[in-house]
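Below is one structure, written out as structure tokens; the observations come after it.
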Amino acid sequence: MKKYLTIILTTLALAACSSNPSMKEMTVRMGDTDSIQITDMRSITRNGALTAQVTIQNDSKSNLVAYRFKWLGQNGMTVADEEAWKPVTIGKGQTTVIMGIAPTPDATDFRFELNQYK
């Protein structure tokens, strides 16, 4: 009986852990952004607002890209208007930390959108 209970609890624990999206799943890429690597993503709720931190690194020549955050609520639906694209220049080998603060306390999750700047 203990053996079956252990198996069931382990299965439930693994299922709960696998529900968190990966950095790749949390990133939406548009245009030619393959030389930009997402090396870290973190978030914390401060004073009732979700704060996101994304670290990107450029493995190629100097690159001008644009980014924005998409803020999601508990049900996975968008909770704020679409943000404007923000351009950033990243030199070859450079690492940049990008911060975003949700415009509403309804945001519980985010997606990071990265686009080739035109």
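Residue numbers start at 1 and run along the sequence shown. From a predicted model like this one, the values you see are computed outputs, not experimental measurements.
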Applying side-chain contact (heavy atoms from CB on, under 4.5 Å) to Lys70 and Val28, what does each step give before you reach the verdict? CA-CA 10 Å; Lys70 182 176 185 178; Val28 178; over 6 Å; no
d(Asp32 CG, Asn63 CG) to nearest 0.5 Å is 7.5 Å
So with a 6.0 Å cut-off around CG of Leu64, is the heavy-atom count from everything else above 12? yes
Give a yes or no answer on whether the side chain of Thr104 reaches the backbone of Ala107 with a donor-acceptor pair at less than 3.5 Å. no
In plain terms, say whether Glu82 and Arg68 are close enough for a salt bridge, that is, a side-chain N and a carboxylate O under 4.0 Å apart. yes
Note, Asp40 side chain near Arg42 side chain (heavy atom, < 4.5 Å): yes
Any non-hydrogen side-chain atom of Ser35 less than 4.5 Å from a side-chain atom of Lys92? no
Are the side chains of Met30 and Glu113 in touch, meaning some heavy atoms are under 4.5 Å apart? yes
Partners of Asp106 by salt bridge (Lys or Arg N to Asp or Glu O under 4.0 Å), sequence neighbours excluded? none
Each residue besides Ile56 in its hydrophobic cluster should be listed here, by chain and number; the cluster joins Ile, Leu, Val, Met, Phe, Trp and Tyr at side-chain heavy-atom distances under 4.5 Å. Met23, Met26, Ile36, Ile38, Met41, Leu50, Val54, Val65, Tyr67, Phe69, Trp71, Val79, Val88, Ile90, Ile98, Phe110, Phe112, Leu114
Exercise: identify the closest heavy-atom pair between Gly73 and Thr108: C-OG1, 3.1 Å
Distance, nearest 0.5 Å, that separates CD of Gln116 from OG1 of Thr33: 8.0 Å
Got a sec: does the CG of Asn75 have more than 12 other heavy atoms crowding it under 6.0 Å? yes
What verdict does the side-chain contact (heavy atoms from CB on, under 4.5 Å) test give for Thr51 and Met99, after you've listed the backbone C-alpha separation in whole Å, the side-chain angles of each residue and the deciding distance to 0.1 Å? CA-CA 7 Å; Thr51 301; Met99 302 284 288; 3.9 Å; yes
Is there a donor-acceptor contact under 3.5 Å from the side chain of Asn115 to the main chain of Tyr117? no
So, the side chain of Glu83 versus the backbone of Ala80: is there a donor-acceptor pair under 3.5 Å, distance only? no
For residues Val97 and Gln53, determine if any side-chain heavy atom of one lies less than 4.5 Å from a side-chain heavy atom of the other. yes
Give me the atom names and distance for the closest heavy-atom approach of Ala102 to Ala49. O-CB, 4.2 Å
Which atom names give the shortest non-hydrogen contact between Arg111 and Pro21, and what distance separates them? NH2-CG, 4.2 Å
For the residue pair Thr96 and Gln94, what are the closest heavy atoms and their distance? OG1-NE2, 3.6 Å
